[in-house]
S.K.: 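I have a structure here, written as structure tokens, and I will follow up with some questions on it.
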Number of protein chains: 2
Amino acid sequence: MATIADVADYTGLSRATVSRVINDYPHVSKDKRRLVHEAMKELGYFPNTSARNLRNRRTDLVAVLIPRLTNPFFTLILDGIEKVAEENGFQLIICQTKSSKKKELEFLNLLQTKQVDGVIFTSIENDWEQIQPYTDHGPIILCNEYHHDATVPMVRLNQVQGSYLGTKHLIERGHQRLAYCMGSTSGLSNDRRKGFFQAVNEAGLEVKAEWIFHDTYTMEDGVKTFNKILSLTERPTAIFTGGDEVAAAMVKEAKRNGLDVPGDIAILGFDDQPIASMIEPELTTIYQPGAEIGSRAMTIFIDCLKGKRERVRQSVMELPLSLVIRKST
Amino acid sequence: MATIADVADYTGLSRATVSRVINDYPHVSKDKRRLVHEAMKELGYFPNTSARNLRNRRTDLVAVLIPRLTNPFFTLILDGIEKVAEENGFQLIICQTKSSKKKELEFLNLLQTKQVDGVIFTSIENDWEQIQPYTDHGPIILCNEYHHDATVPMVRLNQVQGSYLGTKHLIERGHQRLAYCMGSTSGLSNDRRKGFFQAVNEAGLEVKAEWIFHDTYTMEDGVKTFNKILSLTERPTAIFTGGDEVAAAMVKEAKRNGLDVPGDIAILGFDDQPIASMIEPELTTIYQPGAEIGSRAMTIFIDCLKGKRERVRQSVMELPLSLVIRKST
DNA sequence: ATGATGTTTGTAATCGATTTCATGAAATCG
DNA sequence: CGATTTCATGAAATCGATTACAAACATCAT
């Protein structure tokens with residue numbers, strides 16, 4: 001492969017001048033500029049990125065930590081990140097953590113070894129205490145995650161507001177007995193729970209303990225939980241779910257039981273995934289602007305890198321969720 | 001940041017010895033080895049990747065070209081690629097082409113400038129003629145794509161066999177009048193068409209021209225096409241579709257029209273996407289082993305890089321599709 | 001003791017760019 | 001016209017590692 005020295009020799013100029021041409025610096029005469037361009041083409045020369053990175057102490061590479069590539073919500077975030085990255089000449093390295101603490105830390109090596117300029121987390125497994133030391137080595141942004149004591153910029157979704165919105169919608173449709181059905185008890189769930197009860201309390205409604213369900217992640221879980229709800233003597237007339245899959249499964253199960261949705265029972269999804277508009281009736285659900293938080297996070301990242309923004313100070317940007325009213329409520 | 005020279009100074013050893021310790025070479029005495037490790041920890045030293053890459057003439061980075069990050073089939077491929085990459089110490093740079101010829105070529109710059117060791121295409125827009133020159137700069141693998149005149153390894157799905165399988169299944173269920181409904185007229189579509197007619201001809205069935213539909217990509221298209229089918233005087237009893245979304249839309253529309261699936265009309269999906277098992281009735285569909293071709297492609301890539309395999313010779317690996325029988329046929 | 005062999009370490013070249021500083025030539029100014 | 005500024009170019013240092021080669025020393029067989 002041809003190097004800058006080859007181009008210099010070929011043209012009879014110095015490496016410095018060739019470099020100036022490559023980087024389009026001023027103070028190079030028209031002829032030499034042309035001469036160099038011709039030589040580059042003639043020799044099939046391309047600047048070596050590793051050499052440039054070494055010298056420039058930058059790689060224009062960003063590591064994006066993502067739990068699962070096959071989770072559409074995270075690829076949506078990735079898509080948003082990519083858009084801004086592409087516009088600004090950054091490349092992304094994908095780091096699939098599979099929600100493993102160990103892997104997460106391993107990927108942070110990329111930062112220490114300067115293989116990347118910085119890191120964007122789209123989910124975080126370790127405690128902040130573990131992550132904090134790495135902030136010395138470059139910008140770290142939390143996207144779709146919130147850690148109380150994190151000393152970096154965070155972009156998150158306002159889950160409280162989102163589930164408040166959805167719950168209020170159910171109440172406005174006249175429902176008095178609401179079931180709440182969630183996955184884990186993570187920070188995300190807590191927020192949603194908070195929004196749910198905020199709306200419920202505001203309306204002066206009561207929610208019985210037996211109307212609250214946890215550990216409902218998959219479609220199978222959804223079917224099980226739905227049947228539990230059916231068997232209740234005082235049965236809720238609306239269900240707030242933690243995801244569209246679960247909601248879709250419930251709709252399916254409701255119809256199998258001869259119930260009309262939303263006539264007999266209303267079901268609210270979460271996430272506005274493709275399924276939401278594919279089933280009958282189409283799901284009313286809550287849209288999370290995944291691409292949007294990705295773009296925002298990347299924009300903030302770039303600002304940090306350019307020093308336009310403090311990178312080791314906590315800052316929180318919160319984006320609202322929105323209600324997508326369809327036919328299931 | 002500390003450099004190898006700092007570690008050398010700190011320990012009173014030479015950079016060479018420190019390097020030997022970093023890379024775990026033999027012929028370093030126990031004490032010095034320990035000494036160096038202590039110094040590295042003490043100084044917070046991490047080897048600089050750009051410097052190593054420059055010297056080693058490798059980056060352990062692979063560019064993966066993908067049309068859309070939000071397309072689940074491609075993220076499945078990506079997932080397969082990632083698995084093997086991770087096992088072998090490679091990182092992936094994602095290059096979203098959005099099916100643009102221009103972007104595709106731009107990303108190939110990464111190869112010329114040695115930012116990556118090679119490239120895996122999961123879709124290809126340009127003619128091979130445009131791509132061919134880049135093979136000089138490192139391994140290029142085609143994954144999920146086939147170009148007749150490409151001089152590189154290709155891993156592809158046997159679409160002919162897949163659609164033959166699906167069509168045969170419809171015929172075995174007793175259907176005599178089959179509708180065929182596809183998206184574009186790309187190579188992929190041609191293959192599927194071939195498999196379809198292979199099965200149809202084998203069974204001695206006739207397919208009327210009016211039972212063939214094109215340009216059916218989205219759910220809306222699916223609804224439209226379905227209604228066209230409904231309005232036919234001699235109506236097909238089974239529909240072979242180009243994707244699960246389209247099939248799902250058709251199922252929905254069939255039910256809306258009071259038709260029983262599969263009783264009145266059978267509908268076959270393609271791709272086995274999550275929706276397939278979420279709708280009622282669950283879709284019979286054709287599974288494409290996306291992760292599998294990804295893994296295979298990455299494995300081949302590594303072999304090429306290590307010189308274990310010719311990298312500028314055409315080779316084709318074909319993986320079979322399989323039928324997932326559910327309730328819609 | 002001698003030479004052969006193996007271990008441990010260091011010196012210096014190298015990978016391929018960018019950039020500081022110096023220098024001479026050309027342009028501008030009073 | 002001399003002084004000053006701007007332009008065009010090159011020499012050489014630098015970024016931070018790896019490695020070929022050489023040298024010093026220890027080990028071992030003869």
Side-chain angles (χ1 to χ4, degrees), chain A residues 1-37 39-40 43-61 89 109-117 137-138, chain B residues 1-37 39-40 43-61 89 109-117 137-138:
Chain A
M1 291 294 93
T3 71
I4 198 172
D6 297 329
V7 178
D9 291 351
Y10 188 88
T11 56
L13 295 167
S14 71
R15 309 209 302 283
T17 302
V18 177
S19 176
R20 288 191 189 101
V21 173
I22 294 169
N23 294 288
D24 213 27
Y25 285 165
H27 306 314
V28 178
S29 67
K30 277 271 177 245
D31 0 343
K32 316 265 167 176
R33 200 178 284 275
R34 198 169 35 72
L35 193 64
V36 169
H37 277 126
M40 296 200 306
L43 297 172
Y45 167 79
F46 300 95
N48 180 301
T49 304
S50 297
R52 302 182 92 165
N53 288 348
L54 173 58
R55 180 63 221 220
N56 293 333
R57 310 157 137 276
R58 289 184 322 159
T59 60
D60 294 338
L61 236 39
N109 267 319
L110 298 176
L111 188 54
Q112 294 178 317
T113 61
K114 294 273 167 247
Q115 176 148 36
V116 298
D117 291 342
H137 300 86
Chain B
M1 292 294 96
T3 72
I4 198 171
D6 296 329
V7 179
D9 291 351
Y10 189 87
T11 55
L13 295 166
S14 72
R15 310 212 299 287
T17 302
V18 176
S19 176
R20 289 188 188 103
V21 173
I22 293 168
N23 294 288
D24 213 27
Y25 284 166
H27 307 313
V28 178
S29 68
K30 277 271 176 247
D31 359 342
K32 314 266 168 174
R33 197 177 285 275
R34 195 170 38 70
L35 193 65
V36 170
H37 277 128
M40 296 200 307
L43 297 173
Y45 167 79
F46 299 95
N48 180 300
T49 304
S50 297
R52 304 182 92 166
N53 288 349
L54 173 57
R55 181 62 223 220
N56 293 333
R57 309 155 141 277
R58 293 183 319 162
T59 60
D60 295 336
L61 236 41
N109 267 319
L110 298 176
L111 188 54
Q112 294 178 316
T113 60
K114 294 272 165 250
Q115 176 149 39
V116 298
D117 291 342
H137 300 88

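Convention: sequence-line order gives letters A, B, ...; per-chain numbering from 1. Scope of the values below: all heavy atoms of this structure, side chains included, with no hydrogens, waters or symmetry mates.
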S.K.: Assess the residue pair R33(A) and V21(A) against the criterion (side chain to side chain contact (heavy atoms under 4.5 Å, CB included)); give the C-alpha distance rounded to whole Å, side-chain angles, the decisive distance to 0.1 Å, and a yes or no.
M.R.: CA-CA 6 Å; R33(A) 200 178 284 275; V21(A) 173; 4.1 Å; yes

S.K.: Tell me which nucleotide among dA13(D), dA17(D), dT9(D) gets nearest to the side chain of R55(B).
M.R.: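 Out of dA13(D), dA17(D), dT9(D), the nucleotide with an atom closest to R55(B)'s side chain is dA17(D).
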
S.K.: On DNA chain C, does the nearest nucleotide to S50(A) precede the nearest nucleotide to T17(B) from the 5' side, or the other way round? Give the residue.
M.R.: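 Upstream on the strand: T17(B).
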
S.K.: Using only side-chain N and O atoms of K32(B), determine if any of them is under 4.0 Å from OP1 or OP2 of dT9(C).
M.R.: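 Indeed, a polar side-chain atom of K32(B) lies that close.
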
S.K.: For the side chain of I22(A), starting at C-beta, report the closest nucleotide among dA17(D), dT18(C), dT9(D).
M.R.: dT18(C)

S.K.: What is the distance, rounded to the nearest whole Å, between atom CZ of R33(A) and atom C1' of dT9(D)?
M.R.: 13 Å

S.K.: Without decimals, in angstroms, what is the distance between D9(A) CG and dA11(D) C1'?
M.R.: 14 Å

S.K.: When you measure from the side-chain N and O atoms of N23(A) to the phosphate of dT18(C), is any distance below 4.0 Å, counting only OP1 and OP2?
M.R.: yes

S.K.: State which of dT8(C), dT18(C), dT9(D) makes the closest approach to the side chain of H27(B).
M.R.: dT8(C)

S.K.: Does dA17(C) have its OP1 or OP2 closer than 4.0 Å to a side-chain nitrogen or oxygen of N53(A)?
M.R.: no

S.K.: Let's test this: given Watson-Crick or G-U wobble pairing with both distances under 3.5 Å, identify the partner of dC29(C).
M.R.: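 Pair assignment: dC29(C) / dG2(D).
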
S.K.: Please round to the nearest 0.5 Å and tell me the distance separating atom CG of N109(A) and atom CD of Q115(A).
M.R.: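 Here the interatomic distance stands at 10.0 Å.
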
S.K.: Can you check whether R52(B) has a side-chain N or O nearer than 4.0 Å to OP1 or OP2 of dT18(D)?
M.R.: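 Looking at the OP1 and OP2 atoms of dT18(D), one of them is under 4.0 Å from a side-chain N or O of R52(B).
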
S.K.: Return the value, rounded to whole Å, for the distance between atom CG of D6(A) and atom C1' of dG16(C).
M.R.: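 Roughly 10 Å, once rounded to whole Å.
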
S.K.: Of the nucleotides dT18(D), dC15(D), dT19(C), which one has an atom closest to the side chain of I4(B)?
M.R.: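 Given the options dT18(D), dC15(D), dT19(C), the side chain of I4(B) is closest to dT18(D).
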
S.K.: Looking at the side chain of A16(A), which of dT8(C), dA17(C), dT19(C) is the nearest nucleotide?
M.R.: dT19(C)

S.K.: Taking CZ from R20(A) and P from dT9(D), how many angstroms apart are they, rounded to a whole number?
M.R.: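 To the nearest whole Å, that distance equals 9 Å.
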
S.K.: May I have the distance from N48(B) (atom CG) to dC15(C) (atom C1'), rounded to whole angstrom?
M.R.: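 Going from CG in N48(B) over to C1' in dC15(C) covers 13 Å.
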
S.K.: Does dT18(C) have OP1 or OP2 under 4.0 Å away from a side-chain N or O of R57(A)?
M.R.: no

S.K.: Measure the CG-CZ distance between N53(A) and R57(A) for me, rounded to the nearest 0.5 Å.
M.R.: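 It is 12.0 Å, given to the nearest 0.5 Å.
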
S.K.: Would one find a side-chain N or O of Y25(A) under 4.0 angstrom from OP1 or OP2 of dT19(C)?
M.R.: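 Yes, because at least one side-chain N or O of Y25(A) sits under 4.0 Å from OP1 or OP2 of dT19(C).
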
S.K.: In whole angstroms, how far is the C1' atom of dC15(D) from the CG atom of L54(A)?
M.R.: 4 Å

S.K.: Consider the side chain of A51(B), meaning its heavy atoms from C-beta on, and name the nucleotide among dG16(D), dG10(D), dA8(D) that approaches it most closely.
M.R.: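 The listed nucleotide nearest to A51(B)'s side chain is dG16(D).
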
S.K.: Would you mind reading off the distance between R15(A) atom CZ and dT20(C) atom C1', rounded to a whole angstrom?
M.R.: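 The answer, rounded to whole Å, is 14 Å.
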
S.K.: Considering only dT9(C), dG10(D), dG16(D), which nucleotide approaches the side chain of S29(B) most closely?
M.R.: dT9(C)

S.K.: Apply side chain to side chain contact (heavy atoms under 4.5 Å, CB included) to the pair M40(B) and H37(B), showing each step before the final yes or no.
M.R.: CA-CA 5 Å; M40(B) 296 200 307; H37(B) 277 128; 3.5 Å; yes

S.K.: Give the rounded distance in Å between these two atoms: CE of M40(B) and C1' of dG16(D).
M.R.: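 So the CE-C1' distance, M40(B) to dG16(D), works out to 15 Å.
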
S.K.: Between S14(B) and dG10(C), does any side-chain N or O lie under 4.0 Å from OP1 or OP2?
M.R.: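 For dG10(C), OP1 or OP2 has a side-chain N or O of S14(B) closer than 4.0 Å.
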
S.K.: How many angstroms lie between atom CD1 of I22(A) and atom OG1 of T17(A), to the nearest 0.5 angstrom?
M.R.: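 Interatomic distance, I22(A) CD1 to T17(A) OG1, rounded to 0.5 Å: 11.0 Å.
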
S.K.: What is the nucleic acid contact for S19(A), judged by heavy atoms within less than 4.0 Å: base, sugar-phosphate only, or nothing?
M.R.: base

S.K.: When you compare the side chains of N23(B) and R52(B), does any donor N or O come within less than 3.5 Å of an acceptor on the partner?
M.R.: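 Yes.
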
S.K.: Taking any strand in view, what nucleotide pairs with dC21(C) in a Watson-Crick or G-U wobble way, both distances under 3.5 Å?
M.R.: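 Checking every strand shown, dC21(C) finds its partner in dG10(D), with both distances under 3.5 Å.
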
